[in-house]
Protein chains: 2
Amino acid sequence: MNATDPQPGTTRPHTGRRRNEAAHQAILDAALRLLAESDGTPVTIDAIARTAGVGKQTVYRWWPSKGAVLLDALADRADQAAPAPSTGDLRADLRTFIATTFDGAQRGTTAPALRTLAREAARDPHLAELMQTFTASRRTALRELLTRGRERGELAEDADLDLIVDQVYGLFWYRFLLGHAPLTADIADHLATTLITGNA
Amino acid sequence: MNATDPQPGTTRPHTGRRRNEAAHQAILDAALRLLAESDGTPVTIDAIARTAGVGKQTVYRWWPSKGAVLLDALADRADQAAPAPSTGDLRADLRTFIATTFDGAQRGTTAPALRTLAREAARDPHLAELMQTFTASRRTALRELLTRGRERGELAEDADLDLIVDQVYGLFWYRFLLGHAPLTADIADHLATTLITGNA
DNA sequence: TGTTTGTCGAGACTGTTAGTCTTGTCAAGT
DNA sequence: ACTTGACAAGACTAACAGTCTCGACAAACA
């Protein structure tokens, strides 16, 4: 190490042209629009760059892979993820959580975007990992909701909380991706009731 | 139409070299082996043809797409799909059906092959459609099992059978594809019980 | 004002893969 | 022998992810 090496904790003063925030946003917007308009066809980086009026290299300067861009584009929107409800009534909280999940995924143009993202994740291990950390927080929120209910005695001591969580998200993704049957508030209501009564 | 057109119901006598059944089987074997050995990496047609010692065109002479080959390779094995049990006890029949499904998907080298196939189907609409007709027969078998139980009064008249079916397959695919939690006989047992008691 | 540094848009380039096309060979029937 | 069509080999096209290069430009600093 000599005097010209960068020092830990110190940062060389910035020089050169600054990053263009407008380009960043244009890329995200283009990705989201293409994702939403996609009929299941994969969204390409070329298309995103062209739509955003940006060079491909600019995309790769900000994100490490196509999947990262797509996830980021959708994450903006999902950051408004509702906090888990906690009214003190497990069945009502669970019902609200499930209904909110169903609704959030299907509201506006989110559905085709999320579907396309999931399909891409099936063949892109990098994206799959990113997506898993993203969905993990919702799984945790649901699990904590159930834990609170169990502590209040609304669920059996030995109830398999992970199984209940997987039953919710299993049904959700199965119907969401295949699209052969609806995900309505009625279904959410029914699900909340049966999942609790079967494990109380 | 004139006299040289092929007549419906008549077939011009076959001429030329006959199809090589050995090549057909070699392709299927190669596809199944590569599918089973795959660590999630997509299986390529070139690899199948090379492994089978066959020209690529020979593959495409017999199957319309890569997906069709892969599905066919796996379908051979799954044809041994167990018939739906019918003992007269809904809970026992349902438990057996679910446990058989879990077990069949995980026995031997089937699991990685089926996982790879499902991942490919996520981005290949042609394969997705083929796979859907394939899985539809199992869904129907399960639905009929439930219908018989309902006729015996073991399920409420207004029980949502499609929802129960989707809950079974939703959980199955969710855990099977993500692999974060097991699909054991215990789970099958628990599932059979709660799905019935919640809808009885 | 001019120099340095690093981003910008544009697009050429590489590597991979599905699916098609070509070629010369070989087997089954006439 | 001759015709027909399957065969193995592999060249070819079209997409696409990701890298590399280039000349232009913008921000700091001298």
Would you find a donor on one side and an acceptor on the other, under 3.5 Å apart, between the side chain of A:Thr110 and the backbone of A:Gln106?
no
Can a donor-acceptor pair be found, under 3.5 Å and without considering hydrogens, that links the side chain of A:Arg152 to the backbone of A:Gly88?
yes
Please evaluate residues B:Arg33 and B:Glu37 with respect to the criterion salt bridge (Lys or Arg N to Asp or Glu O under 4.0 Å), reporting the C-alpha separation (whole Å), side-chain torsions for both, the decisive distance (0.1 Å), and the verdict.
CA-CA 6 Å; B:Arg33 226 189 64 203; B:Glu37 287 170 1; 3.5 Å; yes
Measuring only between side-chain heavy atoms, which start at C-beta, is A:Thr197 closer than 4.5 Å to B:Thr194?
no
Does a side-chain heavy-atom distance below 4.5 Å link B:Pro42 with B:Glu120?
yes
Quickly work out the [X] [atom1] to [N] [atom2] distance and round it to whole Å.
X        : N      : atom1 : atom2 : value
A:Ile48  : C:dG9  : CD1   : C1'   : 16 Å
B:Asp124 : C:dT17 : CG    : P     : 16 Å
A:Lys66  : D:dT19 : NZ    : P     : 14 Å
A:Asp46  : C:dG9  : CG    : P     : 14 Å
B:Ile45  : C:dT17 : CD1   : P     : 12 Å

Start with the C-alpha gap between B:His24 and B:Asn20, add the side-chain angles, then the distance that decides, and say whether side chain to side chain contact (heavy atoms under 4.5 Å, CB included) holds.
CA-CA 7 Å; B:His24 184 142; B:Asn20 184 352; over 6 Å; no
Which pairs of donor and acceptor atoms, one on a side chain in residues 174-186 of chain B, lie under 3.5 Å apart (sequence neighbours left out)?
from, atom 1, to, atom 2, distance (Å)
B:Tyr174, OH, A:Arg139, NH1, 3.1
B:Arg175, NE, A:Asp166, OD2, 2.6
B:Arg175, NH1, B:Pro182, O, 3.0
B:Arg175, NH2, A:Asp166, OD2, 2.9
B:His180, NE2, A:Asp166, OD1, 3.2
B:His180, NE2, A:Asp166, OD2, 2.9
B:Thr184, OG1, B:Asp186, N, 3.4
B:Thr184, OG1, B:Ile187, N, 3.3

Touch check for A:Val59, heavy atoms < 4.0 angstrom, all strands: base, sugar-phosphate only, or nothing?
nothing
NA contact type, B:Val43, heavy-atom cut-off 4.0 Å: base, sugar-phosphate, or nothing?
sugar-phosphate
Identify whether the distance between the nearest side-chain nitrogen and carboxylate oxygen of B:Arg143 and B:Asp162 falls below 4.0 Å.
yes
End axis versus end axis in the helix from C:dT1-D:dA30 to C:dT30-D:dA1, the angle rounded to 10°, five pairs used at each terminus:
10°
With sequence neighbours left out, the residues meeting side-chain contact (heavy atoms from CB on, under 4.5 Å) with A:Ala99 are A:Arg95, A:Ala188
So, A:Asp39 and A:Thr41: side-chain donor and acceptor under 3.5 Å apart, yes or no?
yes
Can you give me every donor-acceptor pair (side chain of residues 47-61 of chain A, partner residue at least two apart or in another chain, under 3.5 Å) with its distance?
from, atom 1, to, atom 2, distance (Å)
A:Thr51, OG1, A:Ala47, O, 2.7

Does any residue of residues 26-35 of chain A have a heavy atom under 4.0 Å from DNA chain C, and if so, which ones, in number order?
none
For nucleotides 7-13 of chain D, just jot down a letter per nucleotide in 5' to 3' order: B, S or -, based on protein non-hydrogen atoms under 4.0 Å.
BBB----
